[in-house]
Colleague: 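Supplied in structure tokens, the structure appears directly below.
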Amino acid sequence: MSTNTRPVRVRFAPSPTGYLHVGGARTAIYNYFYAKAMGGTFYLRIEDTDRKRYNEAALHDLTRDMKWLGLQWDEGPEVGGDLGPYHQSERLDIYAREVQKLLESGHAYYCFCTEERLEEVRKVQESSGQAVTGYDRQCRDLPLADALARLAAGEKAVVRFKVPLEGVTRFEDQIRGPIEYQNALLDDLVILKRDKYPTYHLASVVDDHYMQTSHVLRGDEWISSTPKHVLLYSAFGWEPPVFCHLPVILAAGGGKLSKRKGAASVGDFRDLGYLPEALVNFLALLGWNPGDDREVMTLEEMIGCFSLDRISPKAAAFDEKKLEWMNGQHIHHKDSNWLADYMRQDLGTVLEGSGIDVDAIPQAKLIFICNLLKTRIHFLKELAESSKYFFIAPTSYDEKAKAKAFGTGSRAITQAVRSQLAGLSLFDHKRIEQGFMDVCTQLDLKLGNLVHPIRLAVSGVAAGPGLFELLEAVGQGEVLRRLDAALPLME
RNA sequence: GGCGAGUUCGUCUAGUGGCCUAGGACACUGGCCUCUCACGUCGGUAACACGGGUUCGACUCCCGUACUCGCUACCA
């Protein structure tokens, strides 16, 4: 096994080209969990070596989303660290120096081939159906002195790595076991581009070495490049890290996850009203399990039992229904004071134009309402959306429920309940319930006969929290007013 | 085309040769709880891709086939 005894140092190394995708987020989660579980270090490295695709906003969103998820890095942008810089674009001199070493040791060479020629070579290979494709190594044996002379004369070149012509390169993937590749099938990859920026292959190997990375946990699209990386490590005379290739996350119906098929980025889920702890929990379970039947877990619990050998090599489909359920579970466990704060924010827009001063609503009332609502919602935004009637009288009544609840006899019942409630000196759910019971015995009716008309009259809808608590939250005066307003509609 | 990885209920997964007449969860569904809706709870439907081996015995090991995905860039 390719284990090592170095202290655990892992990294999340995104390329700032777009939003933080949930697949990337999960890679970050596993790295973070592993570091924390092992008492190691988790660092963030920005792989901004592609100048064409660089996106300033993406970097900003990335750090924001990482923090929102709760994945604070120990070293990296904003926090610094001893092994920086943590932006690859600031490490160009390091790459140049390392490439120089490879050039001098004969492990790399200058290649003057134009893109047009490479295109031509590729075309010929495709049409002739050759098994071995890739760069034809035209410049591989150019003497270094000649190459230097051409460079001095102003010619442009890239630097390619000299892959051994034969033999096999093996590596041990921590979750898939041994993997081996025939060197003859690998081509001489570019390590330094014409613009002097390194390619991913060179930069990640150099950085992982100098930043003392012990384990590389990355997406499995890198498996095919790993033998090249291993060859690079050995050309440098360095010990490679432990590789662990993570499976991809697929869209619900299979295929790639994309914004076309719904939410795909961390930001999308935040806007939808998902809790970061629910998203992290769900993503972590997509490809990993704690070894027992637990599913709804806190960050600490997951870290406490996290291990690489429980990561599955199999691609997983993103099931938003389950995420929804999980979000509901986390909301249920969330502190009501926190939920009340969140609710107050949304209430501003929900109660827009109602004349209600949201800031003046007592926190205790919002907490009371959150306690009633937290087991029946799946999204945070439902907190404010489904609590409108606690603050504003209904302007219409659910049509379907109306037929029954406001039907024959409902007016008499409502009047009886109204006078009972009006007589209460303290308006709390215990006393309200007792009041309802008293009316039940008086009129010889079942509780359900009273509850339905009253609920509809006060809330306008047929479903919701326990009626007695609901009435307490609305308040005595307002309840009586709403009953009076609905009375004329009853029979 | 070549190379590589993967393949257990619709979905996420447990399972490392006998404990599997395959367990849990989401979804779906029946009951209970109950003032409604949820929550909770008790049940139900539902899977080892296929074909060969190896073995007393295979979901588990080996080979092949099929399918899916990835790589095959001076992108990561």
Side-chain angles (χ1 to χ4, degrees), chain A residues 13-17 47-50 52-53 111 113-115 118-119 122 125-135 156-160 173 176 179-182 185-187 189-201 203-204 218-227 245 247-248 250 252-256 282 285-289 291-296 310 312-326 328-329 332 372-378 386 401 405 433 436 446-452 454-456 459 461-468 470:
Chain A
S15 183
T17 53
E47 310 223 319
D48 52 353
T49 56
D50 185 345
K52 297 183 200 79
R53 297 200 303 153
C111 169
C113 295
T114 61
E115 304 224 34
L118 296 179
E119 186 61 36
R122 208 169 295 135
Q125 287 174 342
E126 269 171 35
S127 58
S128 68
Q130 275 180 253
V132 179
T133 57
Y135 179 54
K156 298 288 184 198
V158 300
V159 177
R160 286 183 183 273
D173 185 282
R176 292 161 211 269
I179 295 177
E180 58 175 56
Y181 278 79
Q182 294 292 327
L185 266 17
L186 271 26
D187 76 342
L189 59 147
V190 170
I191 54 178
L192 198 65
K193 299 184 261 187
R194 203 167 290 254
D195 63 7
K196 303 300 179 199
Y197 275 68
T199 56
Y200 170 86
H201 308 292
S204 70
R218 78 222 309 188
D220 66 7
E221 68 270 24
W222 293 109
I223 292 179
S224 314
S225 319
T226 305
H245 291 98
V248 293
L250 270 18
K256 271 198 188 119
F282 175 75
L285 255 26
L286 228 46
W288 170 81
N289 71 82
D292 52 42
D293 284 343
R294 284 177 299 166
E295 294 212 293
V296 179
R310 297 207 66 85
S312 155
K314 182 194 164 192
F318 194 96
D319 178 6
E320 202 169 337
K321 274 286 179 200
K322 186 155 186 176
L323 207 211
E324 228 180 276
W325 164 79
M326 187 160 274
Q329 294 292 311
H332 186 71
L372 300 182
L373 258 28
K374 70 204 279 192
T375 59
R376 37 204 119 222
I377 60 169
H378 283 160
S386 62
E433 178 169 8
F436 270 75
K446 294 176 97 172
L447 186 59
N449 297 321
L450 319 201
V451 165
H452 300 303
I454 304 301
R455 173 185 296 283
L456 189 63
S459 73
V461 292
L467 183 65
F468 314 128
L470 189 159

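Note that this is a predicted model, so its numbers are computed, not measured.
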Colleague: To check you understand the geometry: which heavy-atom pair defines the closest contact between A:P247 and A:K314, and what is its length?
Modeller: CB-O, 3.4 Å
Colleague: Rounded to the nearest angstrom, tell me the gap between atom CG in A:L186 and atom P in B:rG4.
Modeller: 11 Å
Colleague: Please state the P separation for the pair B:rG4 and B:rC9 - nearest whole angstrom.
Modeller: 26 Å
Colleague: Sugar-phosphate means primed atoms, P, OP1 and OP2; the rest is base. With that split, encode nucleotides 12-17 of chain B 5' to 3' as B, S or - using protein heavy atoms under 4.0 Å.
Modeller: BSSS--
Colleague: For the C1' atoms, the ones on B:rG31 and on B:rU45, what distance do you get once it is rounded to whole angstrom?
Modeller: 15 Å
Colleague: List for me each residue that meets ring-ring contact (aromatic ring centres under 6.0 Å, His included) alongside A:W325, sequence neighbours excluded, and say none if there are none.
Modeller: none
Colleague: What integer distance in Å separates A:I179:CD1 from B:rG6:C1'?
Modeller: 11 Å
Colleague: Run the numbers on A:D292 and A:R294 for salt bridge (Lys or Arg N to Asp or Glu O under 4.0 Å), then give the verdict.
Modeller: CA-CA 6 Å; A:D292 52 42; A:R294 284 177 299 166; 3.1 Å; yes
Colleague: Write down the atom of A:I454, the atom of A:L450, and the distance for their closest heavy-atom approach.
Modeller: CG1-O, 3.0 Å
Colleague: Go through the steps for A:D187 and A:T133 under the test side chain to side chain contact (heavy atoms under 4.5 Å, CB included), then give the verdict.
Modeller: CA-CA 8 Å; A:D187 76 342; A:T133 57; over 6 Å; no
Colleague: Please measure how far the P atom in B:rC50 lies from the corresponding atom in B:rU7, and state the result in whole Å.
Modeller: 14 Å
Colleague: Taking all heavy atoms of A:S15 and all of A:E47, pick out the closest pair and write down the distance.
Modeller: OG-O, 3.3 Å
Colleague: Taking the C1' atom in each of B:rA27 and B:rA46, what is the distance between them to the nearest angstrom?
Modeller: 12 Å
Colleague: Tell me the interatomic distance from A:L470, atom CG, to B:rA38, atom P, rounded to whole angstroms.
Modeller: 16 Å
Colleague: Expressed as a whole number of Å, how far does the C1' atom of B:rU60 sit from that of B:rU16?
Modeller: 7 Å
Colleague: Side chain to side chain contact (heavy atoms under 4.5 Å, CB included) between A:R218 and A:T226: does it pass, once the steps are laid out?
Modeller: CA-CA 11 Å; A:R218 78 222 309 188; A:T226 305; 3.2 Å; yes
Colleague: Rounded to whole angstrom units, what separation is found between the CG atom of A:D293 and the P atom of B:rA25?
Modeller: 7 Å
Colleague: Using atom P of each nucleotide, how far apart are B:rU54 and B:rG15 to the nearest Å?
Modeller: 29 Å
Colleague: In whole angstroms, how far is the P atom of B:rC9 from the NZ atom of A:K321?
Modeller: 22 Å
Colleague: Under the side chain to side chain contact (heavy atoms under 4.5 Å, CB included) test, which residues partner A:K321, sequence neighbours left out?
Modeller: A:D319, A:E324
Colleague: B:rC39 and B:rC33: how far apart are their C1' atoms, nearest whole angstrom?
Modeller: 11 Å
Colleague: Distance check needed: B:rU36 C1' versus A:L450 CG, whole Å only.
Modeller: 14 Å
Colleague: One character per nucleotide, please: for nucleotides 70-76 of chain B, 5' to 3', B when the base has a protein heavy atom closer than 4.0 Å, S when only the sugar-phosphate does, - otherwise.
Modeller: BSSSBBB
Colleague: Which word best sums up how the rings of A:Y200 and A:W222 line up, parallel for under 30°, tilted for 30 to 60°, or perpendicular for over 60°?
Modeller: parallel
Colleague: Within this structure, what is the CG-to-P distance between A:D292 and B:rA25, rounded to whole angstrom?
Modeller: 13 Å
Colleague: Indicate the atoms forming the closest heavy-atom contact of A:K156 with A:R194, along with that distance.
Modeller: CB-NH1, 3.3 Å
Colleague: Which whole number of Å gives the distance between the C1' atom of B:rC62 and that of B:rG23?
Modeller: 28 Å
Colleague: Minimum heavy-atom separation for A:N289 and A:L285, please, with both atom names.
Modeller: CA-CD1, 4.5 Å
Colleague: Using a 4.0 Å heavy-atom cut-off, write out nucleotides 58-68 of chain B from 5' to 3' as B (base contacted by protein), S (sugar-phosphate only) or - (no contact).
Modeller: -----------
Colleague: Under 3.5 Å between N/O atoms: give me all the protein pairs with nucleotides 39-45 of chain B, atom names plus distance.
Modeller:
from: B:rG40; atom 1: OP1; to: A:Q329; atom 2: NE2; distance (Å): 3.3

Colleague: Taking all non-hydrogen atoms of both residues into account, name the closest pair between A:V190 and A:T199 and its distance.
Modeller: O-OG1, 2.9 Å
Colleague: Round to the nearest Å and state the distance from A:L372 atom CG to B:rU36 atom C1'.
Modeller: 14 Å
